[in-house]
Amino acid sequence: VDGDNLADNACDSEHYTDGSIDHVHLAADCIDGDNIQDDVINSEHYAAASIDNEHLADNAVDLAEMAHGTQGDVLYYGSGGAPTRLGAGTNGYFLKTQGGSANPVWAEVSTTDTLPFRNLAINGAMNISQRGNKTGVTTGVYGGPDRIKFDYGSLGTWSISQTADAPDNTGLKNCYHITCTTEDASVAAGNMLAIQHIMENSNLHRMEAGTSDAKTWAIQFWVKSNKTGTYMAELYRLAQGGTSRHISQTFTISSADTWEKKTMTFAGDTDSGGVMSDDNAAGMQFNIWLAAGTNFTSGSLATSWTNYDNTKRMAGLNVNLAAEQDNYLKFTGLQIEEGSTHTSFEHRSYGDELAACRRYYCTYVGEDGNGNNEPFISGFHRSATVLSAQIIYPVAMRTPPSIDATEASGYWYIGGTNTGSINGGFSITTNSNSHTMCWIYATESGATVGQGATLMGNNSASYFALSAEL
């Protein structure tokens, strides 16, 4: 009995028992695609896992056999191990893995993480320190890392330094470091301490302050101190033909001697009084307050932009970093950017940060803390008592600068065999419109008029810098 002796469809499932026809009763290759109607065998006709790699010939299932998907779809394995379809994502999105414990997703490419110079803070990594360290500090002063100012209100004595300490796995290496060397536990009404980053108006236009389009400020930094408690962060817009405006919020140092990352956002100031001038003046301060008397704490905290009211600036601050000798605070990784998202820290090259810092302060001698025998400038003896030299700034400075230098006798000498000795004292001449060069004059004696001369540092403490600080 074969196919020639059986009518079509004479034998069907009613004429044989379950399992009576198996591969033992079938000749090899006797049933192929020609003998099976389309779709008569589906998942109901085979046992689970009965079709696996051993039952499929090499390349038996190819892309043509996997048709009927939707263009742009992606297949992945879900939590149960089964293939799962992820529908096509939005144009321009990328497939983002979330590790082994979550399914992949489509994600938008960040334009903020990749945007250069998004950080409004200069020297946020605290790598540039042109002035060197300061000790015995009892006044407001720049020291240690550039662009950070210690704002002092008669409370204790301090040292300021750049220190090689930073949180792990951040790419940061240095920090701004202040230490109390003489304590003052009694905070009078007008006493205060803060560290400041002061920003120039011309760098802040993107924030649209004082308009209905005012942007949110996203600020982040790392901080470390032995003194736990509630500190204060503040944005303070300096008066520009009107009144100053400010906004504050608290943050907590929870664990002593431990790096902690702080993130915060401040709403944009839409009040017309908050408009930034289009100039090179100081426009905005970011302040971290370390102590404050009742002149600053007696009101209700200004958690929204407020016209100047000292009593509302620091309400809620409960620390006094000056209370005990050796109290310290370390600060690094400052990033100030537009928007409500805190992007990864923008690491800039040393050269870029140095150039940005030199717009405000530029050291020529003594940056490494030792100006001895360091050549400064070459010029000529304008007279027997005046050495004259021209300085071309490495970058355009914010304003025509002033001199910051050691000017007493014994700090400078004329190099080589040139005649004349420096008696100390410098003066500067610059056109009020010039931000790129100046003439420097040094007081001397016994010089030969017209002879060229090189001015040299004569002491480890010798230094010379030009300042156009905010």
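- Using a 4.0 Å cut-off between a side-chain N of Lys or Arg and a carboxylate O of Asp or Glu, Lys224 and Asp257 do not qualify as a salt bridge.
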Acceptor/donor pairs from residues 141-148 side chains to any protein atom, 3.5 angstrom cut, sequence neighbours excluded:
from: Tyr142; atom 1: OH; to: Glu469; atom 2: OE1; distance (Å): 3.4
from: Tyr142; atom 1: OH; to: Leu470; atom 2: O; distance (Å): 3.4
from: Asp146; atom 1: OD1; to: Gln130; atom 2: N; distance (Å): 2.8
from: Asp146; atom 1: OD2; to: Gln130; atom 2: NE2; distance (Å): 2.7
from: Arg147; atom 1: NH1; to: Glu469; atom 2: OE1; distance (Å): 2.7
from: Arg147; atom 1: NH2; to: Ile198; atom 2: O; distance (Å): 2.6

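- For an aromatic pair to be called close, the ring centres must be under 6.0 Å apart, and Trp305 with Phe266 fails this.
- Residues Ile160 and Asn133 are not in side-chain contact: their nearest non-hydrogen atoms beyond the backbone lie 4.5 Å or more apart.
- For Tyr364 and Tyr463, the gap between ring centers reaches or exceeds 6.0 Å.
- Between Phe286 and Trp217, the ring centre distance reaches or exceeds 6.0 Å.
- For Lys96 and Phe94, the positive end is not near the middle of the six-membered ring at less than 6.0 Å and at most 45° from its axis.
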_Between Asp165 and His177, does the side-chain hydrogen bond (donor to acceptor under 3.5 Å, both in side chains) criterion hold? Intermediate values first, please._
CA-CA 9 Å; Asp165 187 18; His177 182 188; over 6 Å; no
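- Here the side chains of Leu387 and Leu455 are in contact, with some heavy-atom distance below 4.5 Å.
- Considering only heavy atoms from C-beta on, Phe117 comes within 4.5 Å of Arg348 through its side chain.
- The ring of Phe150 has its center closer than 6.0 angstrom to the ring center of Trp158.
- Both tests pass for Arg131 against the ring of Tyr361: distance under 6.0 Å to the centre and angle within 45° of the axis.
- Checked options Glu337, Gln220, Gln335; the residue passing with Asn119 is Gln335 (criterion: side chain to side chain contact (heavy atoms under 4.5 Å, CB included)).
- The distance between the ring centers of Phe251 and Phe221 falls below 6.0 angstrom.
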